[in-house]
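Please find one structure pasted underneath; my questions will follow.
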Amino acid sequence: MNQETLALHSGYHQEGLGTMAVPLYQTTAYDFKTAERAANLFALKELGPIYTRLNNPTTEVLETRIAAVEKGAAAIATSSGQAAIFNAVANLAEAGDNIIVAEKVYGGATTLLTHTLKRFGITAKVFDSDSADDLEALIDEKTKAVFFESLSNPNISIANVEKIAAIANRYDVITICDNTVATPILFNPLTKGVDVVVHSASKYITGQGLAIGGLIVEREGLNDKLIGNVRYAQFNEPDESYHGLVYADLPFPIFTLRVRLSLIRDIGAAQAPFNSWLFIQGLETLAIRMQKHSENTLKVAQFLAAHPKVLKVNYPGLEGDLYHKRAKEQFKEGMASGLLSFDVGDFETAEHILNTTELFAVVVNIGDSKSIITHPASTTHMQVPPADLAKAGVTEGLVRLSVGLEDADDLIEDLAKALG
Ligand SMILES: *Cc1c(COP(=O)(O)O)cnc(C)c1O
């Protein structure tokens with residue numbers, strides 16, 4: 001079945017009362033009815049809802065759907081995209097281990113993975129996900145994960161996904177790809193050799209800026225890479241915290257199962273049923289929205305590229321962009337999502353545009369159906385030292401847009417007025 005169909009139907013078939021909409025199970029706990037059933041659920045002899053921190057029927061529909069749409073085996077929802085990244089990494093690495101992180105990733109991923117995790121004894125090495133030429137040399141016996149973004153926010157670059165996966169596979173190291181900006185509609189990393197996908201559902205999946213959430217999806221057959229792998233003893237040896245359970249012995253996809261039974265159980269960054277319900281509504285229209293986001297953004301990019309006051313436009317959908325070839329090769333129908341940035345030369349001009357546009361809200365978010373404008377140098381990248389700013393391609397005159405679903409001509413007219 002195609003993604004458009006799976007996004008509408010997988011995980012729920014009008015069971016029970018036949019409600020067309022997925023029911024919202026706004027509940028903390030579940031009546032097991034008998035002591036025997038309770039014991040079976042805890043012993044994993046039977047799978048079913050135990051307590052909403054561990055699982056919930058509404059959240060389970062979301063998990064089944066995102067796994068299907070990402071072409072993966074299983075998924076788990078988390079309370080935010082940041083929690084998805086943390087749990088995916090914490091499922092693999094512990095104090096004394098290291099992870100390898102792409103230089104061009106979301107600011108929150110950089111601070112979490114290179115600064116906060118260091119305080120837990122997990123160190124990060126940085127690699128270039130554009131070329132992946134430096135990746136192999138960074139892998140050692142304590143390396144537990146390679147983390148990167150398919151289409152990076154805010155750099156708007158596209159990773160060399162297949163090369164990264166191939167190198168990591170040679171050393172049996174798990175790859176984690178943040179697919180938030182590309183979305184599963186444009187690109188499915190799990191079909192290109194990547195092991196685990198994470199999402200911030202707060203962006204395109206909700207689509208209307210309604211809620212914070214995260215998702216972790218594992219590929220089909222990932223058990224084979226984990227079972228017997230000396231890097232990952234935690235999947236192969238008895239888990240003392242679960243009366244000696246050995247994940248490798250279970251007939252389920254064990255990566256996300258261990259996130260659920262060990263990490264979410266203890267750390268507790270579970271998704272709320274109502275937010276899961278909102279993300280289910282978002283997934284239903286994700287495919288058509290991504291088409292429109294991509295179309296609109298290309299039109300805006302073409303207008304900006306032809307404008308005399310614009311020095312440079314970064315958008316992989318644009319012919320001549322550094323990542324255009326990769327977008328055409330890797331992404332569905334060459335669609336390139338809704339993020340673009342452009343350089344107007346200096347801070348005053350950038351500030352004038354931010355203050356003058358009427359349809360673009362000054363907001364630090366992306367993926368909303370309403371268009372958004374940001375000035376990275378004075379907001380998201382304010383803490384970055386000037387030398388590193390240049391490396392990240394963030395100049396004083398750089399403006400970033402998250403192009404929404406408004407009429408493209410209206411957006412262009414608004415930008416034309418602001419540019420003067
Ligand atoms: C927003 C974002 C995150 C963090 O997600 P939250 O839901 O805000 O915690 C992670 N990765 C990328 C690429 C993002 O854009």
Side-chain angles (χ1 to χ4, degrees), residues 104 107 130 151-158 181-182 186 290-328 331 333-382 384 386-420:
K104 292 177 181 168
D130 278 12
L151 174 54
S152 93
N153 170 23
N155 300 80
I156 321 179
S157 59
I158 301 175
V181 183
L186 271 52
M290 290 318 293
Q291 223 150 25
K292 176 79 169 162
H293 277 296
S294 301
E295 262 172 42
N296 270 4
T297 314
L298 182 59
K299 285 183 189 166
V300 169
Q302 285 165 339
F303 159 76
L304 290 168
H307 197 283
K309 286 196 183 159
V310 175
L311 307 181
K312 188 171 190 292
V313 181
N314 303 303
Y315 184 58
L318 211 54
E319 256 176 68
D321 186 85
L322 198 56
Y323 302 96
H324 184 62
K325 188 164 168 278
R326 221 169 250 177
K328 284 189 79 171
F331 292 174
E333 293 159 22
M335 286 192 283
S337 196
L339 282 195
L340 73 76
S341 64
F342 62 103
D343 195 341
V344 291
D346 56 75
F347 177 67
E348 288 68 32
T349 313
E351 191 182 32
H352 175 77
I353 293 167
L354 258 78
N355 292 340
T356 315
T357 52
E358 287 172 8
L359 286 175
F360 289 84
V362 183
V363 167
V364 284
N365 188 20
I366 59 164
D368 199 312
S369 49
K370 282 90 60 188
S371 287
I372 287 169
I373 190 164
T374 26
H375 181 245
S378 64
T379 55
T380 52
H381 286 63
M382 193 197 71
V384 181
D388 293 347
L389 269 187
K391 244 196 332 195
V394 177
T395 53
E396 284 287 299
L398 193 79
V399 176
R400 191 189 74 187
L401 302 181
S402 169
V403 177
L405 303 178
E406 298 91 343
D407 180 83
D409 292 336
D410 289 337
L411 295 174
I412 289 169
E413 193 182 312
D414 195 31
L415 287 167
K417 254 192 269 173
L419 276 159

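Just so we're clear, the structure is a prediction, and the values are computed from it rather than from any experiment.
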Exercise. With distance as the sole test, does S341 use its side chain to make a donor-acceptor pair with the main-chain N or O of V399 at under 3.5 Å?
Worked result: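 Here the side-chain-to-backbone pair does not exist.
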Problem set entry | Minimal non-hydrogen separation, M335 against S294, with atom names |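 Closest heavy-atom pair between M335 and S294: CB-OG, 3.5 Å.
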For this session: Answer whether the closest heavy-atom distance between the side chains of L311 and T395 falls below 4.5 Å.
Result: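 Answer no - side chains too far apart.
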Exercise. Looking at residues at least two apart in the chain, or sitting in another chain, which of them share a side chain to side chain contact (heavy atoms under 4.5 Å, CB included) with D346?
Worked result: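 Once residues adjacent in sequence are excluded, the partners of D346 under the side chain to side chain contact (heavy atoms under 4.5 Å, CB included) criterion are E348, T349.
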Exercise. Is a side-chain donor or acceptor of S402 paired with a backbone partner of I372 at a separation under 3.5 angstrom?
Worked result: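 No, S402 side chain to I372 backbone: no donor-acceptor pair under 3.5 Å.
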For this session: Could you tell me which non-hydrogen atom of A182 sits nearest to which non-hydrogen atom of L186, and how far apart they are?
Result: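 Smallest interatomic distance, heavy atoms only, reads O-CB, 3.1 Å.
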Exercise. Can you check whether D130's main-chain N or O pairs, donor with acceptor, with R326's side chain at less than 3.5 Å?
Worked result: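 Side chain of R326 to backbone of D130, a donor-acceptor pair under 3.5 Å: yes, one is there.
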Exercise. To the nearest 0.5 Å, what is the distance between CG (L419) and NE2 (H307)?
Worked result: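 Taking CG in L419 and NE2 in H307, the distance rounds to 4.5 Å.
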Side chains of residues 353-363: which donor-acceptor pairs under 3.5 Å do they make with residues two or more places apart or in other chains?
{"residue": "N355", "atom": "ND2", "partner": "E351", "partner atom": "O", "Å": "3.4"}
{"residue": "T356", "atom": "OG1", "partner": "H352", "partner atom": "O", "Å": "2.3"}
{"residue": "T356", "atom": "OG1", "partner": "H352", "partner atom": "NE2", "Å": "3.4"}
{"residue": "T357", "atom": "OG1", "partner": "I353", "partner atom": "O", "Å": "3.4"}

Problem set entry | Rounded distance [0.5 Å steps], NZ in K104 versus CD1 in I158 |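 Separation between the atoms: 11.0 Å.
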Problem set entry | Where N296 and A408 come nearest, the two heavy atoms and their spacing |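 Nearest pair, atom of N296 first, then A408: OD1-CB, 3.4 Å.
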Exercise. Taking the side chain from Y315 and the backbone from G338, do they hold a donor-acceptor pair closer than 3.5 Å?
Worked result: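 Side chain of Y315 to backbone of G338, a donor-acceptor pair under 3.5 Å: no, none is there.
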For this session: Supply the atom-to-atom distance Y323 OH to F331 CZ, rounded to the nearest 0.5 angstrom.
Result: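 The distance works out to 11.5 Å.
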Problem set entry | Student check: side-chain heavy atoms of S337 and M290 closer than 4.5 Å |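 S337 reaches M290 side chain to side chain.
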Exercise. Rounded to the nearest 0.5 Å, how far apart are CD of E333 and CD of E295?
Worked result: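 It comes to 10.0 Å.
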Exercise. Which pair of non-hydrogen atoms, one from A350 and one from H375, has the smallest distance, and what is that distance?
Worked result: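 Heavy-atom minimum between the residues: CB-CD2, 3.7 Å.
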Exercise. Can you check whether N153 reaches R400 side chain to side chain, under 4.5 Å on heavy atoms?
Worked result: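 Sidechains of R400 and N153: in contact.
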Exercise. For the side chain to side chain contact (heavy atoms under 4.5 Å, CB included) test, which of L322, L340, L398, L339 pairs with N314?
Worked result: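 The side chain to side chain contact (heavy atoms under 4.5 Å, CB included) with N314 is passed solely by L398 among L322, L340, L398, L339.
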Exercise. Just how far is it from atom CG of D343 to atom NZ of K312, taken to the nearest 0.5 Å?
Worked result: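 It comes to 8.5 Å.
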For this session: Indicate yes or no for a side-chain donor-acceptor contact from S371 to the backbone of G404 under 3.5 Å, with no hydrogens or angles considered.
Result: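 A pair under 3.5 Å: yes.
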For this session: Say whether, by atom type as modelled, one donor and one acceptor occur between the side chain of H324 and the main chain of P316 under 3.5 angstrom.
Result: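 Confirmed, H324 side chain pairs with P316 backbone.
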Problem set entry | Pairing residues for D368 by the side chain to side chain donor-acceptor pair (under 3.5 Å) criterion, not counting sequence neighbours |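 Result, side chain to side chain donor-acceptor pair (under 3.5 Å) vs D368: K370.
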For this session: Find the distance between CG (L298) and CG (L318) and round it off to the nearest 0.5 Å.
Result: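 Here the interatomic distance stands at 6.5 Å.
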